[in-house]
Colleague: 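Pasting in a structure now, in structure tokens, and then I'll have a few things to ask.
Worth saying up front: this structure is predicted, and the values here are computed from it rather than measured.
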Amino acid sequence: MATIFRDLSYRYQWFYDGISRLAALSVGGEKRFRQLALQNLIINSDTKVLDLCCGSGQTTQFLVKYSQNVTGLDASPLSLQRAKENVPQADYVEAFAENMPFADGEFDLVHTSAALHEMQPDQLQKILKEVYRVLRPGGVFTLVDFHQPTNLLFVPGVWLFFWLFETETAWNLLRTDLGGLLRKTGFQVDEPRLYAGGSLQVVRGVRESERGKEGRREGGKEGKREGGKE
């Protein structure tokens, strides 16, 4: 059953959109859901933004309202065709997220919405390394995805949704510390913000600048010297 519904959601845009809107009611509607990961970010008209795994442009449509330099990346030709029709203001690239055709430090902001739960663990690690690479020092990676519910009232709904539409990779994400993975990749990460009874998380990481790295190294050396004196 899960395979059937999942296939339908990818094949028919109206079906996917309907499911997305229904699921997003838990946070106040799809418009709010699509902007959860963008809250409190400073995005100017010249900010270079990458909408990673952009799908049909559901969040891209909000990003282009802030920046004139938005690129959507997705591995699905069908999704990209829909995105071009839905949000023609952005540029689009067909590629896999774990092997992006961009230069080092090309973007100021990388965003992804409800996509990482589709990835196998080894894919996920490669994607995070690629995101780190294409971000400039001081650039921001922001994401929204599933999280193990902290409110038991939300557990039945999440499990039902997973059984109908998701695969084992989504279940794996519930057991994954995304913030910890970002830290291991080199990001500076704040505590995740949880929504919908803890079933959704927003995680934000900053690629540390070279000055920041140097400061941490010097701080570590100073600590060792002080320890030696004692």
Colleague: Would you give the length of the straight line joining atom CG of L173 to atom CG of L178, rounded to the nearest 0.5 angstrom?
Modeller: 5.0 Å
Colleague: Return the minimal non-hydrogen interatomic distance between G179 and V203, and the atom names on each side.
Modeller: CA-CG1, 4.2 Å
Colleague: Specify whether F146 and F162 have parallel, tilted or perpendicular ring planes, treating 30° as the upper limit for parallel and 60° as the lower limit for perpendicular.
Modeller: perpendicular
Colleague: Main chain of T71, side chain of D91: is a donor-acceptor contact present, judged purely on distance under 3.5 Å?
Modeller: no
Colleague: Please name the pair of heavy atoms, one in H147 and one in G198, separated by the smallest distance, quoted to 0.1 Å.
Modeller: ND1-O, 2.8 Å
Colleague: Are Q35 and Q39 linked by a side-chain donor-acceptor pair shorter than 3.5 Å?
Modeller: no
Colleague: Take the angle between the ring planes of F141 and F187 and call it parallel below 30°, perpendicular above 60°, tilted in between.
Modeller: tilted
Colleague: Return the minimal non-hydrogen interatomic distance between I43 and L63, and the atom names on each side.
Modeller: CD1-CD2, 4.5 Å
Colleague: Please check: side-chain N/O of T169 versus main-chain N/O of H117, any donor-acceptor pairing under 3.5 Å?
Modeller: yes
Colleague: Look at R133 together with D104 and state whether they make a salt bridge at an N to O cut-off of under 4.0 Å.
Modeller: yes
Colleague: Verify the neighbour count for atom CG of L160: are there more than 12 heavy atoms of other residues, nucleotides or ligands below 6.0 Å?
Modeller: yes
Colleague: Strictly distance-based, threshold 3.5 Å: is any side-chain N or O of E130 a donor or acceptor partner for the main-chain N or O of M100?
Modeller: yes
Colleague: Test: ring pair (Phe, Tyr, Trp, His ring centres under 6.0 Å). Region: residues 54-92. Which pairs qualify, not counting sequence neighbours?
Modeller: none
Colleague: For atom CG of D46, is the number of surrounding heavy atoms from other residues, nucleotides or ligands below 6.0 Å larger than 12?
Modeller: yes
Colleague: Is there a donor-acceptor pair under 3.5 Å between the side chain of R34 and the backbone N or O of T59?
Modeller: no
Colleague: Might you confirm whether atom CZ of F96 has over 12 heavy atoms from other residues, nucleotides or ligands at distances under 6.0 Å?
Modeller: no
Colleague: Tell me, yes or no, whether the heavy-atom count around Q89 atom CD, taken from other residues, nucleotides or ligands under 6.0 Å, exceeds 12.
Modeller: yes
Colleague: Kindly indicate, with the supporting measurements, whether the criterion side-chain contact (heavy atoms from CB on, under 4.5 Å) is fulfilled by C54 and L80.
Modeller: CA-CA 8 Å; C54 65; L80 285 179; 3.8 Å; yes
Colleague: Indicate the atoms forming the closest heavy-atom contact of A37 with L41, along with that distance.
Modeller: O-CD1, 3.6 Å
Colleague: Looking at G57, is its backbone amide N or carbonyl O close enough to the side chain of N86 to form a donor-acceptor pair, meaning the two atoms are under 3.5 Å apart?
Modeller: no
Colleague: Here's a test for you: under side chain to side chain contact (heavy atoms under 4.5 Å, CB included), which of V202, V131, L116, L36 qualifies with L143?
Modeller: L116
Colleague: Examine distances only and state if a side-chain atom of S199 and a backbone atom of A196 form a donor-acceptor pair shorter than 3.5 Å.
Modeller: yes
Colleague: For C53 versus M119, what's the shortest heavy-atom pair and its separation?
Modeller: SG-CE, 3.9 Å
Colleague: How close do D74 and S79 get, heavy atom to heavy atom, and via which atoms?
Modeller: OD1-CB, 4.1 Å
